[in-house]
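All values below were derived from every heavy atom in this structure, side-chain atoms included, with hydrogens, water molecules and symmetry-related copies excluded.
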Amino acid sequence: MSGALDLARSTGGSIDKDQVKSAVDQYLKYHDLHGGEQESRKLNYTDLVNKYYDLVTGFYEYGWGDSFHFAGRYPGETSREAIKRHEHFIALQLGLKKGMKVLDVGCGIGGPLIEIARFSSAMITGLNYNDYQISRGKELVFSAGLSEQCSFLKGDFMNMPIADNTFDAAFAIDATCHAPDAQGVYSEIYRVLKPGQYFALNEWCLTDRFDPNNAKHLAIKAEIELGDGLPPLASVICAKDLAQDFPCPWYQTIDPNNFSWTSFQCTRPGRIITRAIVNALEFLRIAPAGSAGIYSFLTSASDGLLKGGREGIFTASFFVLGRKPLKETGLANDGNL
């Protein structure tokens with residue numbers, strides 16, 4: 001019951017509770033399934049993403065914990081164990097160690113930031129544009145006893161309030177998919193990295209099996225974009241999809257037919273119970289009007305991700321490790337990307 005009350009209190013983030021339903025309606029209008037256009041989502045990406053995370057962060061914490069990302073999983077491994085292992089993998093790929101200054105681009109509420117700081121002893125700054133997530137992240141960092149090691153900075157990752165050549169490493173976990181222009185956000189990460197240093201990217205994207213002329217594929221793409229606060233999803237042609245390295249599908253955690261106590265909220269009974277709780281809390285005016293609408297589009301997102309994974313047209317595990325050249329040569333890489 002305490003989890004449900006926490007969800008009710010957090011729903012809407014920093015939006016006034018009597019404005020949540022209006023924010024839901026405005027958010028939905030950005031998307032194709034509700035008459036929106038891709039160009040409008042690109043032009044208004046800061047409002048789109050801000051509204052999205054104000055509306056959904058409470059639900060994410062309720063169902064997902066403090067790390068909002070997928071991870072490849074082995075049989076017998078819990079979702080949380082897989083997520084921690086993936087965060088350790090990123091730290092190892094970057095070669096993080098004590099004393100290094102590291103940037104987490106699009107840090108959410110700081111779950112990965114905290115885990116990677118513990119694992120590596122590096123100093124980590126989380127960049128985020130959402131006030132509610134930053135305030136929540138500061139609470140979690142304080143509770144973890146890492147306030148001297150971890151910090152947050154409010155800023156747009158398309159125009160970072162950070163000087164050139166500041167960080168010894170950077171990473172982004174399922175965050176830069178929110179960017180209206182991939183080159184723009186990667187250029188900014190390149191700019192703030194010191195020469196010779198590494199950037200690890202875990203990205204959501206369409207695979208080369210996506211067919212833009214296939215109506216089913218387009219519908220799945222639209223569901224994912226609606227439910228996850230995204231401008232048009234990008235495609236990749238050739239890179240490393242980490243999902244292929246694991247026997248358990250990356251989307252198994254959100255499959256409602258896959259029963260698991262550790263991911264109960266994502267199972268079919270869990271969905272039914274959660275929907276009933278949200279409806280009851282909204283009816284009793286404990287949760288703000290519009291809460292059930294938020295849960296509906298998040299359920300739609302889960303369904304879209306599941307279908308996209310099964311069809312092989314979408315991956316949540318596209319991984320890139322890049323290195324900024326020791327000598328500035330523009331955005332061209334030095335063979336390490």
Do side-chain atoms of [X] reach the backbone of [Y] as a donor and acceptor pair under 3.5 angstrom?
| X | Y | answer |
| --- | --- | --- |
| Asn202 | Ala316 | yes |
| Arg80 | Ser67 | no |
| Ser296 | Ala292 | yes |
| Glu188 | Met160 | yes |
| Thr315 | Ser317 | yes |
| Gln149 | Leu146 | no |
| Asp16 | Gln19 | no |

Using distance alone, with no hydrogens and no angle criterion, decide if [X] and [Y] have a side-chain donor and acceptor under 3.5 Å apart.
| X | Y | value |
| --- | --- | --- |
| Tyr45 | Asp181 | no |
| Glu282 | Ser291 | no |
| Ser302 | Arg271 | yes |
| Asp47 | Tyr30 | yes |
| Glu61 | Ser10 | no |

Any link between [X] and [Y] through a network of hydrophobic side chains (Ile, Leu, Val, Met, Phe, Trp, Tyr) touching at under 4.5 Å?
| X | Y | result |
| --- | --- | --- |
| Ile134 | Phe142 | no |
| Phe199 | Phe167 | yes |
| Val102 | Leu140 | yes |

Report task. Only counting residues at least two apart or in another chain, list the ones meeting ring-ring contact (aromatic ring centres under 6.0 Å, His included) with Phe297. Result -> Tyr27

Requested in this report: Name all residues meeting the ring-ring contact (aromatic ring centres under 6.0 Å, His included) criterion together with Phe283; count only those two or more places apart in sequence or in a different chain, and write none if there are none.
Outcome: none

Query raised in the report: So Trp204 and Phe70, would you call those rings parallel, tilted or perpendicular, with 30° and 60° as cut-offs?
Result: tilted

Query raised in the report: With a 4.5 Å heavy-atom cut-off, do Leu298 and Tyr60 have their side chains touching?
Result: yes

Query - Student check: side-chain heavy atoms of Val20 and Leu55 closer than 4.5 Å - result: yes

Counting only heavy atoms not in [X], do more than 12 sit closer than 6.0 Å to its [atom1] atom?
| X | atom1 | result |
| --- | --- | --- |
| Lys51 | NZ | yes |
| Gln93 | CD | yes |
| Lys138 | NZ | no |
| Lys29 | NZ | no |

Heavy-atom pair with the smallest gap, counting every atom of [X] and [Y]:
| X | Y | answer |
| --- | --- | --- |
| Pro112 | His69 | CG-CD2, 3.9 Å |
| Gly106 | Ala175 | O-CB, 3.5 Å |
| Leu96 | Ala122 | CB-CB, 4.4 Å |
| Lys154 | Pro161 | O-CG, 3.7 Å |
| Phe314 | Cys205 | CD1-O, 3.3 Å |
| Val185 | Ala179 | CG1-CB, 3.8 Å |

Got a salt bridge between [X] and [Y], using NZ or NE/NH1/NH2 to carboxylate O under 4.0 Å?
| X | Y | result |
| --- | --- | --- |
| Arg9 | Asp6 | yes |
| Lys84 | Glu87 | no |
| Asp164 | Arg191 | yes |
| Lys307 | Glu311 | no |

**Report entry** Gap separating the CD atom of Gln133 from the CG atom of Asn128, nearest 0.5 angstrom
**Finding:** 5.0 Å

**Report entry** Nearest-0.5 Å distance, CG of residue Asp104 to CG of residue Leu153
**Finding:** 11.5 Å

Query raised in the report: After noting the C-alpha distance and the side-chain angles of Ser22 and Gln26, does the key distance pass the side chain to side chain donor-acceptor pair (under 3.5 Å) rule?
Result: CA-CA 6 Å; Ser22 173; Gln26 292 169 26; 3.0 Å; yes

Requested in this report: Taking the six-membered ring for Trp and the single ring otherwise, decide whether the centroids of His178 and Tyr129 are under 6.0 Å apart.
Outcome: no

